[in-house]
Amino acid sequence: MKQIHKVVVLSIVMVMTLATTPLFAKDTMNKDDYSSKAKQYEEMANQQDAIANEHKAMAKTYKLNQGRFPKATRDKIIADMQKHCEAISTEAQKLASEYRAFAQWHKDRVNDL
């Protein structure tokens, strides 16, 4: 769970840094630059979608393959791993949504120019 928290915090810091850069520097981006950035954010969102889907599927496999875990601790192991996978999936979906919002923001800048 700590690792998930670190990934989310670092991702948010990175996104915020990228989002606020024009506030501190002269904005010299043109339509092509904004379009390129929009594509980059869309690709990042798609990567997060893949991570979310991977962990959704992974959460299901633990229950399907329960026979590989010791019977005494099986339920706890499965619950822990499902919780872990669901947390990653949820956070990846949130991050994908943020990336899509930034992609749209950049597309709007293209329309503004």
Side-chain angles (χ1 to χ4, degrees):
M1 199 64 166
K2 288 181 183 179
Q3 186 175 4
I4 295 169
H5 180 72
K6 286 180 186 177
V7 170
V8 171
V9 169
L10 288 174
S11 296
I12 290 170
V13 168
M14 181 185 79
V15 168
M16 294 305 294
T17 301
L18 291 172
T20 59
T21 299
L23 297 175
F24 302 110
K26 184 177 178 184
D27 189 2
T28 58
M29 291 179 63
N30 59 36
K31 286 185 177 190
D32 290 338
D33 295 330
Y34 282 115
S35 292
S36 176
K37 281 290 186 190
K39 285 182 183 179
Q40 288 175 0
Y41 282 120
E42 287 171 353
E43 289 170 10
M44 292 166 73
N46 292 337
Q47 290 170 354
Q48 292 302 312
D49 286 337
I51 291 169
N53 292 334
E54 175 186 11
H55 281 83
K56 280 181 189 177
M58 199 182 306
K60 293 177 186 175
T61 63
Y62 286 104
K63 188 72 170 172
L64 295 174
N65 297 309
Q66 60 182 317
R68 68 182 177 169
F69 302 114
K71 192 171 185 176
T73 57
R74 181 178 299 158
D75 291 341
K76 181 172 177 5
I77 291 171
I78 292 170
D80 287 348
M81 293 312 296
Q82 286 176 328
K83 182 179 177 182
H84 160 80
C85 289
E86 289 168 8
I88 290 175
S89 180
T90 298
E91 294 304 319
Q93 289 171 334
K94 288 179 187 176
L95 196 51
S97 178
E98 289 294 325
Y99 286 143
R100 284 197 176 85
F102 280 118
Q104 186 58 53
W105 184 90
H106 283 83
K107 288 176 187 176
D108 292 343
R109 298 301 67 79
V110 170
N111 296 331
D112 291 344
L113 294 178

Sub-4.5 Å side-chain heavy-atom contact between Gln104 and Asp108: yes
Looking at Asp33 and Lys37, is any side-chain nitrogen of the basic one under 4.0 Å from a carboxylate oxygen of the acidic one? no
Can you check whether Ile51 reaches Gln48 side chain to side chain, under 4.5 Å on heavy atoms? yes
Flag yes if Val110 and Met29 sit in one hydrophobic cluster, no otherwise; membership is Ile, Leu, Val, Met, Phe, Trp, Tyr, and two members link when side-chain heavy atoms are under 4.5 Å apart. yes
Hey, does the side chain of Ser89 reach the backbone of Cys85 with a donor-acceptor pair shorter than 3.5 angstrom? no
same_hphob_cluster(Leu64, Tyr62) at 4.5 Å side-chain heavy-atom cutoff: no
How long is the straight-line distance from NE2 of His106 back to CG of Asp112, given to the nearest 0.5 Å? 12.0 Å
Before accepting this row, confirm whether a basic side-chain N of the pair Asp80/Lys83 lies closer than 4.0 Å to the acidic partner's carboxylate O. no
N/O donor-acceptor pair under 3.5 Å between Thr90 side chain and Glu86 backbone: yes
Separation between NZ of Lys107 and CZ of Arg109, rounded to the nearest 0.5 Å: 13.0 Å
Going from CD on Glu91 to NZ on Lys94, what distance comes out if it is rounded to the nearest 0.5 angstrom? 4.0 Å
May I have all residue pairs that pass side-chain hydrogen bond (donor to acceptor under 3.5 Å, both in side chains) and include part of residues 49-61, sequence neighbours excluded? Asp49-Arg100
When rounded to the nearest 0.5 Å, the distance separating CG of Leu113 from CG of Asp32 is 10.5 Å
If you measure from CD on Gln66 to CD1 on Ile77, what distance do you get to the nearest 0.5 Å? 11.5 Å
Salt bridge present between Lys39 and Glu42 (N-O < 4.0 angstrom): no
What is the distance from atom OH of Tyr34 to atom CG of Asn111, rounded to the nearest 0.5 Å? 12.0 Å
